[in-house]
Amino acid sequence: MNKITRAFISVLRQSSSSGGTNTLLGRQLSYRSDLSLDKLYPSARLQIYTPPPPPTGTGNKFSGFIPMDRLEITYSRSSGPGGQHVNTVNTKVDVRFKVAQADWIPEQTRQKLLKVLANRITKEGYFYIKSDLTRSQQMNLADALEKLRSIIRAQEASEAAPPSEETLEKLRRRQERAARERLQLKRGRAQIKADRQGPGGIDL
């Protein structure tokens, strides 16, 4: 046993006997990664927190508020690479809810969702959203909720104002170009048919 090993063991014994944290050369001995959540987000709360609903009177637009008690959330083990952690912790998030009963979505937007998502809604009326983006339950849940907000807001964005004059001009030019190409193709086909016919009215 060399001197460095003996010094290291003595430091550990002194630290454990004193009841303090294990330190060596002024640095704390720890196996926690520098990429842990408490280091990346030191001021964040890792507990699931549901803010209070916004005040009423927001109109027919989705406010972004999603009541957690109206969702069914389940966790499972993620697939893909991730080492031993992926096989021991349930980090994959499955969020489902019944679109027809989601009264926290404006009625007009909810009806559009029922039409657009008809192929993704189960026979029981559930719509599923999954996320296994990270190895954290909280971050995957936040990602799934953001996906849901994006889907809802996309349907509201489809109710956009009438197109601008620039857009109408582009559409007009596109239609004129398509009409010219169609006529040119038609003339080309007519010329091919005319070339196939033999010369008429010629005495041999």
Side-chain angles (χ1 to χ4, degrees), residues 40-41 43-44 48-74 78-80 91-196:
L40 293 176
Y41 308 99
S43 59
I48 297 178
Y49 170 70
T50 302
T56 57
T58 55
N60 296 326
K61 294 295 184 179
F62 176 61
S63 62
F65 174 76
I66 300 177
M68 301 297 294
D69 56 348
R70 305 294 299 275
L71 305 178
E72 298 183 18
I73 305 174
T74 56
S78 299
S79 60
T91 57
K92 182 180 179 181
V93 176
D94 293 319
V95 178
R96 70 173 187 171
F97 69 99
K98 290 187 175 182
V99 181
Q101 300 178 2
D103 54 0
W104 43 274
I105 302 177
E107 176 65 23
Q108 186 176 3
T109 305
R110 186 163 69 249
Q111 294 301 325
K112 294 184 67 175
L113 288 174
L114 289 173
K115 294 180 181 179
V116 174
L117 304 177
N119 295 332
R120 299 177 58 184
I121 297 177
T122 63
K123 296 181 180 179
E124 295 78 12
Y126 283 101
F127 175 64
Y128 283 82
I129 296 180
K130 301 179 181 181
S131 177
D132 55 355
L133 183 64
T134 69
R135 299 306 180 201
S136 169
Q137 284 186 358
Q138 291 82 3
M139 296 182 70
N140 287 340
L141 178 58
D143 179 61
L145 295 179
E146 189 59 29
K147 287 181 180 179
L148 177 56
R149 292 188 184 96
S150 299
I151 294 174
I152 297 174
R153 287 168 176 159
Q155 298 307 315
E156 291 185 342
S158 61
E159 305 172 3
S164 62
E165 295 182 0
E166 182 180 357
T167 303
L168 293 176
E169 182 65 20
K170 289 181 179 179
L171 292 176
R172 186 185 63 82
R173 293 179 180 178
R174 188 180 303 172
Q175 292 175 356
E176 291 179 353
R177 184 172 63 251
R180 288 195 302 268
E181 292 176 355
R182 185 176 64 254
L183 291 176
Q184 184 178 1
L185 181 61
K186 187 176 181 180
R187 293 192 187 99
R189 291 178 178 175
Q191 185 64 36
I192 292 176
K193 291 181 180 180
D195 294 340
R196 290 175 180 172

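Positions are given from 1, in the same order as the sequence printed here.
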In terms of heavy-atom contacts, does CZ of Arg120 have more than 12 from other residues, nucleotides or ligands at under 6.0 Å?
-> no

Would one find more than 12 heavy atoms of other residues, nucleotides or ligands at under 6.0 Å from atom CD of Gln184?
-> no

Tell me, do [X] and [Y] make a side-chain contact under 4.5 Å, heavy atoms counted?
| X | Y | answer |
| --- | --- | --- |
| Thr74 | Arg96 | no |
| Asp143 | Thr134 | no |
| Leu133 | Lys147 | no |
| Ile66 | Ile152 | no |

Could you measure the distance from the [atom1] atom of [X] to the [atom2] atom of [Y]? Nearest 0.5 Å is fine.
| X | Y | atom1 | atom2 | value |
| --- | --- | --- | --- | --- |
| Thr91 | Gln138 | OG1 | CD | 10.5 Å |
| Asp103 | Gln101 | CG | CD | 9.0 Å |
| Gln155 | Leu117 | CD | CG | 6.5 Å |
| Arg153 | Thr109 | CZ | OG1 | 11.5 Å |
| Tyr128 | Ile121 | OH | CD1 | 12.0 Å |
| Arg149 | Ser63 | CZ | OG | 9.0 Å |

Locate the shortest heavy-atom distance separating [X] from [Y]; write the atom from each residue and the value.
| X | Y | result |
| --- | --- | --- |
| Met68 | Leu141 | CE-CD2, 3.9 Å |
| Lys61 | Pro106 | C-CG, 3.8 Å |
| Ile129 | Ala144 | CG2-O, 3.7 Å |

Provide the full list of salt bridge (Lys or Arg N to Asp or Glu O under 4.0 Å) pairs with a residue in residues 166-178, sequence neighbours left out, each pair given once.
->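 Qualifying pairs: Glu166-Lys170, Glu169-Arg172, Glu169-Arg173, Arg172-Glu176.
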
Donor-acceptor contacts, no H, no angles, side chain residues 185-194, under 3.5 Å, sequence neighbours left out:
unit_1: Gln191; atom_1: NE2; unit_2: Asp195; atom_2: OD1; d: 3.0

Check the pair Phe127, Ile151 against side-chain contact (heavy atoms from CB on, under 4.5 Å), reporting the backbone distance first and the verdict last.
-> CA-CA 12 Å; Phe127 175 64; Ile151 294 174; 3.9 Å; yes

For Phe97, which residues count as a ring-ring contact (aromatic ring centres under 6.0 Å, His included) partner, sequence neighbours excluded?
->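 Only Trp104 meet the ring-ring contact (aromatic ring centres under 6.0 Å, His included) criterion with Phe97.
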
